[in-house]
Amino acid sequence: MLMLMGRSDTATNEAMHFAHSMLEGSATAFYEVDEGYNLRRFLLSRIPEPFHLQYLDGMSAFDPQHPRHAGHLSVARLSKTMAGQQAGETALYRSFIGQCGIVDMLDFFFRCDDQIVAGISVVWDRKARIPEGAVTIAEKMHQYLQFNLVGRAAASEDGQRYGLTSREMDVVRLLCCGRTNREIGECLKIGQATVKTHLIHIFQKLGVETRSAVVALMARPN
C-alpha cells in the first residue's frame, strides 16, 4: 500500500511490543486495511490460533470493532463497545472470544487521508491484569504509533514542503519517537547545542513553538 511505504517490519514489531508492554496485553496483532475495509497482511504475536483462523473464516463479520465500524475513533475497547449495543447484537461474538480464552480487546486505528489503513489489536486473556484507564493510556500512545506506522512517508513529504534539510528531518524523526535532546545528539553524533540549533530552525520553518506541536503536525493524517 502506497501510504504505508514508510513502514518497515522492524517499525511494526517495535510498535506491537510497545503497545503490548504499555497495556500489559497477553497478545497483539497488526493488520493492514485496504480501501474496501478488508484486513490483510497480519503480523501476530501470541494470538490464539483458533481465534485467528475462525476470525478469518467469518467471525470478522460480527466484530463490533472491525475498522468498517470505527468511524473516526483512534482507539476502542471491546467491552465498552459491546456495552453500548444490544445484548443480542454482541452475543455471538462475545461467546466466540470467550471460547478462545479472551476477556477483552483494545484496537488502535491508524489513518491516511481519513481512511483507516492499519490497526493494532491488544488482547487480554483470563490471566491478564488490565491496566486501569487502559483507553486513556492508549489514546496517549496513539500519536506515537501513528507516526511510526503510517506517518514516516508523509513526514518526508512534509519535510520537503517546509524546506527542512535532511539533517533536520533526522532530528524530527527522533523527536517524534520521543527522544530527548541528549539522545538525539547521541544518535546523530552531534552536540546538544547543535541539536538545539536544529530545533530552533525546525520550529521556525514549521511555524510551531513546542516539540509536541512538531509531533502533532508530522503525525496527522495527510
Side-chain angles (χ1 to χ4, degrees), residues 1-7 11-12 15-16 19-20 23 25-125 130 134-151 153-154 219-222:
M1 300 178 82
L2 179 61
M3 62 284 292
L4 292 183
M5 284 177 60
R7 181 186 67 82
T12 302
M16 290 173 63
H20 179 97
L23 293 172
S26 306
T28 51
F30 168 85
Y31 52 87
E32 291 186 2
V33 184
D34 68 19
E35 293 180 355
Y37 289 99
N38 300 300
L39 310 190
R40 66 179 196 173
R41 295 183 64 182
F42 288 87
L43 186 59
L44 308 178
S45 176
R46 303 180 183 175
I47 292 290
E49 184 175 4
F51 172 83
H52 185 60
L53 294 177
Q54 291 180 60
Y55 188 88
L56 295 179
D57 197 36
M59 288 305 301
S60 61
F62 303 97
D63 180 2
Q65 288 189 175
H66 191 283
R68 71 172 68 92
H69 304 310
H72 291 286
L73 294 174
S74 58
V75 301
R77 183 172 171 179
L78 186 61
S79 57
K80 293 188 175 182
T81 300
M82 292 194 297
Q85 298 181 324
Q86 296 295 325
E89 296 176 344
T90 63
L92 181 61
Y93 199 74
R94 192 187 303 272
S95 174
F96 162 59
I97 65 171
Q99 290 173 8
C100 294
I102 295 172
V103 173
D104 206 349
M105 299 176 65
L106 186 143
D107 283 283
F108 293 88
F109 305 107
F110 307 109
R111 291 175 171 79
C112 186
D113 294 328
D114 292 326
Q115 166 77 31
I116 295 176
V117 295
I120 288 179
S121 297
V122 177
V123 173
W124 293 291
D125 64 18
I130 302 175
V135 172
T136 300
I137 295 171
E139 288 172 343
K140 292 179 179 178
M141 295 165 53
H142 183 271
Q143 191 175 81
Y144 168 82
L145 295 171
Q146 169 82 24
F147 177 80
N148 280 278
L149 291 172
V150 181
R220 80 201 189 294
N222 289 339

| query | For residues 45-56, which residue pairs qualify under side-chain hydrogen bond (donor to acceptor under 3.5 Å, both in side chains), counting only residues two or more places apart or in two chains? | reply |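 For residues 45-56: Y55-D63.
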
| request: Could you name each residue pair satisfying side-chain hydrogen bond (donor to acceptor under 3.5 Å, both in side chains) that touches residues 87-97, not counting sequence neighbours? | output: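 Those involving residues 87-97 are T90-R94, S95-Q99.
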
| message | Salt bridge or not between R77 and D104? Use side-chain N to carboxylate O under 4.0 Å. | response |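 A salt bridge is present here (some side-chain N lies under 4.0 Å from a carboxylate O).
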
Heavy-atom distance under 4.5 Å between the side chains of [X] and [Y], does that happen here?
X    : Y    : answer
F30  : S121 : no
V135 : K80  : yes
L92  : F96  : no
L39  : H66  : yes
L149 : T12  : yes

| request: Just say parallel, tilted or perpendicular for the rings of F110 and F108, cut-offs at 30° and 60°. | output: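 Parallel, since the angle between the ring planes stays under 30°.
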
Rounded to the nearest 0.5 Å, what's the gap from [atom1] on [X] to [atom2] on [Y]? Could you check?
X    : Y    : atom1 : atom2 : result
Y31  : L44  : OH    : CG    : 12.0 Å
I47  : F42  : CD1   : CZ    : 9.5 Å
L145 : K140 : CG    : NZ    : 14.5 Å
I130 : M105 : CD1   : CE    : 11.5 Å

Counting distance only, does the side-chain N/O of [X] pair as donor-acceptor with the main-chain N or O of [Y] below 3.5 Å?
X    : Y    : answer
Q65  : A76  : yes
D34  : G36  : yes
H72  : D114 : no
H20  : G25  : yes
W124 : A27  : no

Smallest separation among heavy atoms of [X] and [Y], with atom names:
X    : Y    : answer
A61  : R68  : CA-NH1, 4.3 Å
I120 : A19  : CG2-CB, 4.3 Å
R111 : L73  : NH1-O, 2.6 Å
C100 : P50  : SG-C, 4.3 Å
V75  : E139 : CG2-CG, 3.4 Å

| said: Go through it in stages, so that I can follow the logic: the residues are Q115 and Y37, the test is side chain to side chain contact (heavy atoms under 4.5 Å, CB included), and I'd like the CA-CA distance, side-chain angles, deciding distance and then a yes or no. | reply: CA-CA 9 Å; Q115 166 77 31; Y37 289 99; 3.7 Å; yes

| task | Might you work through the side chain to side chain contact (heavy atoms under 4.5 Å, CB included) test for L23 and L106, ending with a clear yes or no? | result | CA-CA 9 Å; L23 293 172; L106 186 143; 4.1 Å; yes

| message | Please determine whether side chain to side chain contact (heavy atoms under 4.5 Å, CB included) holds for the pair I116 and V33, giving the CA-CA distance in whole Å, both sets of side-chain angles, and the decisive distance to 0.1 Å. | response | CA-CA 6 Å; I116 295 176; V33 184; 4.0 Å; yes

